[in-house]
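Reading through the structure tokens given below for one structure.
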Protein chains: 2
Amino acid sequence: MLSNFRVTAEEMIRSHGGRVTDSRKRILALLLSEKNAITHREIESRFSNDQLDRVTLYRVLQWLVDNGLIHKITSDDHVWRYHANQDAYRHQHAHFKCTKCAKVVCLEDMPSDRKLSLPAGYRFQTIELTVKGLCEHCA
Amino acid sequence: MLSNFRVTAEEMIRSHGGRVTDSRKRILALLLSEKNAITHREIESRFSNDQLDRVTLYRVLQWLVDNGLIHKITSDDHVWRYHANQDAYRHQHAHFKCTKCAKVVCLEDMPSDRKLSLPAGYRFQTIELTVKGLCEHCA
DNA sequence: TTAAAAATGCAACAGTGTTGCAATACAGGT
DNA sequence: ACCTGTATTGCAACACTGTTGCATTTTTAA
Ligand SMILES: [Mn+2]
Ligand SMILES: [Mn+2]
Ligand SMILES: [Zn+2]
Ligand SMILES: [Zn+2]
């Protein structure tokens, strides 16, 4: 099934006018196959055998973010986590982080249309919402 | 007025049963005098003349957090910001971060009546909410 | 096939935060 | 005021994530 993701990945990259390089295909295909958002370190370890330069990985990830093919999530452990932009996850959405195993999952909705009042003169841009708790395995 | 903060700081530390050390007094007094949440680096530079070891600063900040005298806020620049727990900021609250000047302010309320549905089996603990936008000076 | 442009690999670096340990300061009892 | 056990400090070294510069390789389009 990973070859399916490779085909999808290649189409996504090509459709954004970027050069279709081997690293981009492999990394995006991997992210498409991952259910949860994962760290740079975790991506590296998925490629343990095939060589993958860590700087290239950082640069490819940023390229994928800049081109809207994946998104990255900040966290209180100060490590970025990356997740493919499939279907439900294109628009703004909230995230859940397990305080025990550190797993991060994208929640489908951002329940944010409630008015939160900013101080006078402040301009709203986006909202970042992370729910913390225990996941199914850790609860 | 900073001497006022020093007295308050000393009382707060003593009431928590901790040893009243010079570093704790100075650092907490500074945080009490600061309107916004600031970084370790910013705290250091406020003490530019008086010597203040950076490791001690980290350790004092963590002690103050652990004893509920201050709280710390994570951010997408992956740097902690610290703020005293005065009045309105004892309970859970949301934060605002300016995307231009990186200023972080505590908002007074956490609009928490949002029903965000977690996947089955997940257990809720806390919510972290950061509004991003432009502050009064940068708007 | 060729050449310009973009991406890669490597080494070195930067910033934030942590750890181990010896020296020092605090608090409580005398 | 002095002693003493213990918490805290200061310093050096370290860990980790992420970045930068630059020479080499790969991609694409003519
Ligand atoms: Mn997400
Ligand atoms: Mn706050
Ligand atoms: Zn978990
Ligand atoms: Zn601003």
Side-chain angles (χ1 to χ4, degrees), chain A residues 6 9-30 37-67 69-82 97 102 104, chain B residues 6 9-28 37-67 69-82 97 102 104:
Chain A
R6 280 189 73 97
E10 178 156 352
E11 282 169 5
M12 291 171 74
I13 295 163
R14 202 178 299 281
S15 78
H16 275 261
R19 292 196 175 179
V20 182
T21 70
D22 199 53
S23 301
R24 286 179 184 167
K25 276 187 286 187
R26 286 159 65 208
I27 294 165
L28 180 53
L30 173 71
I38 57 178
T39 65
H40 175 280
R41 176 60 72 96
E42 289 168 322
I43 297 170
E44 249 191 319
S45 67
R46 302 285 199 281
F47 286 107
S48 52
N49 292 331
D50 331 274
Q51 71 278 23
L52 175 63
D53 183 74
R54 55 188 296 280
V55 176
T56 300
L57 177 52
Y58 276 116
R59 292 201 263 231
V60 165
L61 288 171
Q62 194 53 52
W63 185 89
L64 292 170
V65 168
D66 291 342
N67 286 271
L69 303 182
I70 66 175
H71 62 282
K72 63 178 178 180
I73 304 141
T74 191
S75 166
D76 54 8
D77 59 11
H78 291 178
V79 177
W80 290 108
R81 284 176 176 77
Y82 302 87
K97 173 146 187 244
V104 169
Chain B
R6 279 189 73 96
E10 179 157 352
E11 283 169 3
M12 291 172 73
I13 295 163
R14 200 177 301 279
S15 78
H16 277 260
R19 290 195 177 178
V20 182
T21 69
D22 199 52
S23 302
R24 286 178 184 169
K25 276 187 287 188
R26 287 159 66 208
I27 293 166
L28 180 53
I38 58 178
T39 65
H40 175 281
R41 177 60 73 96
E42 287 169 323
I43 297 170
E44 250 192 319
S45 67
R46 303 283 200 284
F47 286 108
S48 50
N49 293 331
D50 332 273
Q51 70 277 25
L52 175 64
D53 182 74
R54 55 187 297 280
V55 175
T56 300
L57 177 50
Y58 276 116
R59 292 201 262 230
V60 166
L61 288 171
Q62 195 51 53
W63 186 89
L64 292 170
V65 169
D66 291 342
N67 287 273
L69 303 182
I70 66 174
H71 63 282
K72 63 178 178 179
I73 304 141
T74 191
S75 165
D76 54 7
D77 59 11
H78 291 177
V79 177
W80 290 106
R81 284 176 175 76
Y82 302 86
K97 172 146 188 245
V104 169

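In what follows, chains are A, B, ... by sequence order, proteins preceding strands, each numbered from 1. Model, not experiment: these values are computed from the prediction.
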- Task: Could you list the residues that satisfy side chain to side chain contact (heavy atoms under 4.5 Å, CB included) with B/S23, not counting sequence neighbours?
- Result: B/T21, B/I27, B/T56, B/V60
- To the nearest 10 degrees, how far apart in direction are the end axes of the helix from C/dT1-D/dA30 to C/dT30-D/dA1, each fit to five base pairs? 30°
- The ring-ring contact (aromatic ring centres under 6.0 Å, His included) partners of B/W63 (sequence neighbours excluded) come to none
- Query: Nearest-Å distance, CG (B/L57) to C1' (D/dT8)?
  - Reply: 14 Å
- Task: Could you check how far NE2 of A/H78 sits from P of C/dG17, rounded to whole Å?
- Result: 6 Å
- Task: Starting at atom CZ of B/R26, determine the distance to atom P of D/dT9, rounded to an integer number of angstrom.
- Result: 10 Å
- Item | Residue pair B/V65, B/H71: steps toward the side chain to side chain contact (heavy atoms under 4.5 Å, CB included) verdict | CA-CA 5 Å; B/V65 169; B/H71 63 282; 5.9 Å; no
- Task: Rounded to the nearest 0.5 Å, what's the gap from CD1 on B/I73 to CG on A/D76? Could you check?
- Result: 13.0 Å
- Query: A/R41 side chain N/O closer than 4.0 Å to the phosphate oxygens (OP1, OP2) of D/dT17?
  - Reply: yes
- Let me know the distance between CD1 of A/I27 and C1' of C/dG9, rounded to the nearest Å. 13 Å
- Message: Once side chain to side chain donor-acceptor pair (under 3.5 Å) is applied, do any residues pair with B/R46, and if so which ones, sequence neighbours excluded?
- Response: B/E34
Do any N or O atoms of the protein come closer than 3.5 Å to N or O atoms of nucleotides 28-30 of chain D, and which pairs are they?
residue	atom	partner	partner atom	Å
D/dT28	OP1	A/V20	N	2.9

- Task: Specify the separation, in whole Å, of atom CD1 of A/I13 and atom C1' of C/dA7.
- Result: 13 Å
- Item | Integer-rounded Å distance: C/dA7 C1' and A/Q62 CD | 15 Å
- Message: If the condition is salt bridge (Lys or Arg N to Asp or Glu O under 4.0 Å), which residues does A/D22 pass it with, not counting sequence neighbours?
- Response: A/R6, A/R26
- Mind checking what makes salt bridge (Lys or Arg N to Asp or Glu O under 4.0 Å) contact with A/R24, not counting sequence neighbours? none
- Message: Using the salt bridge (Lys or Arg N to Asp or Glu O under 4.0 Å) criterion, which residues pair with B/D77? Sequence neighbours excluded.
- Response: B/R81, B/K97
- Task: Please identify each residue that fulfils ring-ring contact (aromatic ring centres under 6.0 Å, His included) with A/Y58, with sequence neighbours left out.
- Result: A/H40
- Task: Can you sort out the partners of B/K72 under side chain to side chain donor-acceptor pair (under 3.5 Å), two or more places apart, ordered by chain and number?
- Result: B/Q62
- Note on the structure: Result for 5'-nearest mapping on DNA chain C, choosing between B/D77 and B/D22, is B/D77
- Task: Would you mind reading off the distance between A/L61 atom CG and C/dA7 atom P, rounded to a whole angstrom?
- Result: 14 Å
- Atom OH of A/Y58 and atom P of C/dC13: how far apart are they, to the nearest Å? 18 Å
All N/O contacts under 3.5 Å from nucleotides 10-15 of chain D to the protein, with atom names and distances to one decimal?
residue	atom	partner	partner atom	Å
D/dG10	OP2	B/T56	OG1	3.0
D/dG10	N7	B/R59	NH2	3.3
D/dG10	O6	B/R59	NH2	2.4
D/dC11	N4	B/R59	NH2	3.3

- Query: Got a sec, which residues hit side chain to side chain donor-acceptor pair (under 3.5 Å) with A/R14, two or more places apart in sequence or on another chain?
  - Reply: A/E10
